[in-house]
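Proteins come first, then strands; the chains are lettered A, B, ... in the order of their sequence lines, and each starts at number 1.
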Amino acid sequence: MLISSWNVNSVRARIDNIKSYLVKYKPDILVMQEIKTEEVNFPFDVFSSLDYESHVHGQKSYNGVAIISKKKLGNVETDIIKDKLKQSRIISAEVEHKKKKIKLINIYTPNGNPVDTPKYEYKKKWLDDLIKKLKSISKTNKNIILTGDFNIIPAAEDVYNPKSFEDDALYRLEIRKKFREMLSLGFSDVYRHFNETQEGYTFWDYMRGAWQKNNGMRIDHFLVSSSIIDNVKKININKDPRGGEKPSDHTPIEIELA
DNA sequence: ATGGCCAGGTTTCCTGGA
């Protein structure tokens, strides 16, 4: 089973890119972030014509997440975190794989910049609420896949210029600690599980020729429970879409479950 | 050495992104 996560930076502006990606790589499940549209304007028909069912937690202009799947999903929820600002940043569902009932959680963590503003406080609170929820879910379901745009650079090797990001909301020590806190609950950072030091950027800014210079960062992740890690055959950061026409600034990250 | 982008909506500027 191939599961992919991609911050598409507008599902409507990116629809041709997404279609090409689905046709070429045929993920069983694609979770998307920053769809930037309400459910009423979501292109359900495009995805159903490619045999995907769609589940959407939309929002006008900003944020918004969705899960599209070739496999039947159960128990879709969009409110497992109470979001004070009512932003659409999480959607979860259950999928069955090899007799395991897996809870798949798709997140779009707040960016948090600039750090001396309420935006940063919102990010910290949002991550604290997520961590609390992960703890409680873990009690009843041991098979969890947490994926999406975490807006966290976990370590120095995950950004082209760590020095300049020390006081950035994506890399501040306080934020990296929240990522470690998630790992301490028993999750594996799948990319680092398979790649000890190799860089694995998933985002390159549109500005300053970042893509051409490979000035990237690793902020999109797959975290899986210990019960799932042995099912993971491989993880791949698929750079093709980032190099294409009118790309998103993020590129898909994919895991293959055996 | 410096600045460089893109999307949506409130549309010819503003906000947000990372």
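The stretch residues 158-181 of chain A comes close to DNA chain B through A:Leu170, each having a heavy atom under 4.0 Å from the strand.
Membership of the apolar cluster around A:Tyr160 extends to A:Ile153, A:Val159, A:Phe165, A:Leu170, A:Tyr171, A:Tyr201, A:Phe203, A:Trp204, A:Trp211, A:Met217, A:Ile219, as traced through chained side-chain contacts below 4.5 Å between ILVMFWY residues. With a 4.5 Å cut-off between side-chain heavy atoms of Ile, Leu, Val, Met, Phe, Trp and Tyr, the cluster of A:Tyr25 takes in A:Trp6, A:Val8, A:Val11, A:Ile15, A:Ile18, A:Tyr21, A:Leu22, A:Val23, A:Leu30, A:Met32, A:Ile35, A:Phe42, A:Phe44, A:Val46, A:Phe47, A:Leu50, A:Tyr52, A:Val56, A:Ile68.
For the P atoms, the distance linking B:dT12 with B:dG17 amounts to 22 Å, nearest Å. For the P atoms, the distance from B:dT15 to B:dT10 is 14 Å, rounded to whole Å. To the nearest whole angstrom, the two P atoms, one in B:dA1 and one in B:dC6, are 26 Å apart. For B:dG3 and B:dA7, the P atoms lie 23 Å apart once the distance is rounded to whole Å. Distance check on atom C1': B:dC5 versus B:dA18 gives 12 Å, rounded to whole Å.
Using a 4.0 Å cut-off between a side-chain N of Lys or Arg and a carboxylate O of Asp or Glu, A:Lys72 and A:Glu53 qualify as a salt bridge. A:Arg176 has no carboxylate O lying under 4.0 Å from a charged side-chain N of A:Asp158, or vice versa, which leaves the two without a salt bridge.
Listed pair A:His250 / B:dA18 meets the phosphate criterion, a side-chain N or O lying under 4.0 Å from OP1 or OP2. For B:dA18, the OP1/OP2 oxygens have a side-chain nitrogen or oxygen of A:Asn151 closer than 4.0 Å.
Every pair passing side chain to side chain donor-acceptor pair (under 3.5 Å) that includes a residue from residues 227-238 of chain A is listed here, sequence neighbours excluded: A:Lys100-A:Asn231, A:Asn143-A:Ser227, A:Asn236-A:Glu254, A:Asn238-A:Glu254.
Checked by atom type, the side-chain pair A:Asp220/A:Tyr191 shows no donor-acceptor distance below 3.5 Å.
At whole-Å resolution of the value, CZ in A:Phe203 and P in B:dG16 are 17 Å apart. Remark: P of B:dG17 and CD of A:Gln59 are 10 Å apart, rounded to the nearest angstrom. What separates CG of A:Leu85 from P of B:dT15 is a distance of 18 Å, to the nearest Å. Atom OH in A:Tyr122 sits roughly 14 Å away from atom C1' in B:dG17 (whole-Å rounding). Atom CD of A:Gln87 and atom C1' of B:dG16 are 10 Å apart (whole Å). Nucleotide B:dA18 holds its C1' atom 14 Å from the OH atom of A:Tyr120, rounded to whole Å. Atoms CZ (A:Phe150) and P (B:dG17) sit 18 Å apart, rounded to a whole Å.
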What are the atom names and distances for every N/O pair under 3.5 Å that joins the protein to nucleotides 4-8 of chain B?
{"residue": "B:dC5", "atom": "O4'", "partner": "A:Tyr206", "partner atom": "O", "Å": "3.3"}
{"residue": "B:dA7", "atom": "OP1", "partner": "A:Arg14", "partner atom": "NH1", "Å": "3.2"}
{"residue": "B:dA7", "atom": "O3'", "partner": "A:Ser10", "partner atom": "OG", "Å": "3.3"}
{"residue": "B:dG8", "atom": "OP1", "partner": "A:Ser10", "partner atom": "OG", "Å": "2.5"}

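Using a 4.0 Å heavy-atom criterion, one finds that A:Asn215 contacts no nucleic acid atom at all.
With A:Asn106 as the partner, the side chain to side chain donor-acceptor pair (under 3.5 Å) test is satisfied by one option alone out of A:Gln33, A:His57, A:Arg89: A:Gln33.
Here the side chains of A:Leu257 and A:Ile145 are in contact, with some heavy-atom distance below 4.5 Å.
Between A:Thr37 and A:Asn111, it is A:Thr37 whose nearest contact on DNA chain B lies nearer the 5' terminus. Nearer to the 5' terminus of DNA chain B, by closest-nucleotide assignment, is the contact made by A:Asn41 (compared with the other of A:Met217 and A:Asn41).
Among residues two or more places apart in sequence or in another chain, the side chain to side chain donor-acceptor pair (under 3.5 Å) test is passed with A:Ser164 by A:Asn161.
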> Between A:Lys177 and A:Glu174, does a salt bridge (charged side-chain N to carboxylate O under 4.0 Å, His left out) hold up when you go through it step by step?
Replying inline: CA-CA 5 Å; A:Lys177 280 182 173 171; A:Glu174 195 173 30; over 6 Å; no
